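For clarity, every value in this text was computed on a predicted model and none was experimentally measured.
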Amino acid sequence: MTALKIQNDDFIAMRSSLRRWLKSCFFACLSLVGVLAFAQENTIESVSASQHGSGVAVTVRLKKPPAKQPIGFAVTNPARIAVDFADTANGTGKAAQDISLGDVRNVNIVQAAGRSRLVFNLNRTMNFTTKVEGNVVTLMMDGSIGTTSIAAA
């Protein structure tokens with residue numbers, strides 16, 4: 001009878017220990033999900049483009065104003081412009097969107113490592129400027145000689 005009581009006590013202690021461990025795992029996972037949700041608190045809602053003289057204006061509408069200035073760069077071969085939006089998810093439901101205006105063919109929207117990157121595929125090398133106004137980021141792209149700049153409103 002004593003051996004049975006010791007085994008029962010050991011079982012109860014193990015079960016209690018297992019419950020505490022499972023609870024701590026549950027709360028650790030819950031906090032991780034909260035951190036990931038906070039890390040990508042903004043969302044790209046839409047990407048649209050329009051012709052402006054010899055250039056193209058691309059409007060990126062976000063859920064709320066970006067916390068950090070978008071960072072962009074241009075590649076000459078193949079001709080592309082990439083713009084990174086930190087802590088932002090792709091909420092457009094599309095991985096690619098046709099633009100077909102001027103020398104801008106299309107845009108790929110890639111989400112990875114806590115950011116979304118817009119990669120514009122071009123017919124030729126273009127310069128661009130970026131302007132932030134509230135939750136709207138406007139990229140002006142043109143083929144004239146000039147510099148690439150990013151401006152905050």
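Residues Val107 and Ile99 meet the side-chain proximity criterion, which asks for heavy atoms closer than 4.5 Å. Side-chain atoms of Arg80 and Pro78, non-hydrogen and from C-beta on, do get closer than 4.5 Å to each other. Contact check for Ile81 versus Leu122: side-chain heavy atoms found under the 4.5 Å cut-off. Between Val47 and Ile109, some side-chain heavy-atom pair lies under the 4.5 Å cut-off. Looking at Leu139 and Phe120, their side chains come closer than 4.5 Å, going by heavy atoms from C-beta outward.
Here NZ of Lys94 is found 9.0 Å from OG of Ser46. Values are rounded to the nearest 0.5 Å.
In plain terms, the two heavy atoms of Ala79 and Arg124 that are nearest each other are CB-C, 3.5 Å. Here the closest heavy-atom approach between residue Arg61 and residue Val136 is recorded as NH1-CG2, 3.2 Å. What you find for Phe73 and Phe128 is that their closest heavy atoms are N-CZ, 3.8 Å. For the residue pair Pro70 and Val83, the shortest heavy atom distance occurs at CB-CG1, 3.8 Å. In this structure, Gly55 and Asp142 approach most closely via the heavy-atom pair CA-CB, 4.1 Å.
Follow the hydrophobic side-chain contacts under 4.5 Å out from Val119 and you never reach Val137; the two are in separate clusters. Residues Met141 and Val132 are members of one and the same hydrophobic cluster, defined by side-chain heavy-atom contacts under 4.5 angstrom among Ile, Leu, Val, Met, Phe, Trp and Tyr. Follow the hydrophobic side-chain contacts under 4.5 Å out from Leu101 and you reach Val58 in the same cluster.
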Please test Met126 against Val104 for side-chain contact (heavy atoms from CB on, under 4.5 Å), starting from the C-alpha separation and ending with a verdict.
CA-CA 9 Å; Met126 300 178 79; Val104 183; 4.1 Å; yes
Test side-chain contact (heavy atoms from CB on, under 4.5 Å) on Leu118 and Ile44; report intermediate values, then the result.
CA-CA 10 Å; Leu118 276 62; Ile44 296 173; 3.5 Å; yes
Is there a side-chain contact (heavy atoms from CB on, under 4.5 Å) between Gln97 and Asn106 once you walk through the steps?
CA-CA 6 Å; Gln97 183 174 329; Asn106 58 27; over 6 Å; no
Quick one, Met140 with Lys131, criterion side-chain contact (heavy atoms from CB on, under 4.5 Å). Give me CA distance, side-chain angles, the key distance, then yes/no.
CA-CA 8 Å; Met140 288 298 299; Lys131 182 177 170 186; over 6 Å; no
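Counting only distance, with no hydrogens or angles, the side chain of Asn121 and the backbone of Arg105 share no donor-acceptor pair below 3.5 Å. A donor-acceptor pair under 3.5 Å is formed between the side chain of Ser116 and the backbone N or O of Thr88. A side-chain donor-acceptor contact under 3.5 Å links Asn42 to the backbone of Lys64. Under the 3.5 Å distance criterion, the side-chain polar atoms of Gln51 are matched with a main-chain donor or acceptor of Gly102. Side-chain N or O atoms of Ser100 include none that pairs as donor or acceptor with a backbone N or O of Asp98 at under 3.5 Å.
The side chain to side chain donor-acceptor pair (under 3.5 Å) search around Asn108 returns none, not counting sequence neighbours. Every side chain to side chain donor-acceptor pair (under 3.5 Å) that Asn90 has, sequence neighbours left out, goes to Thr92.
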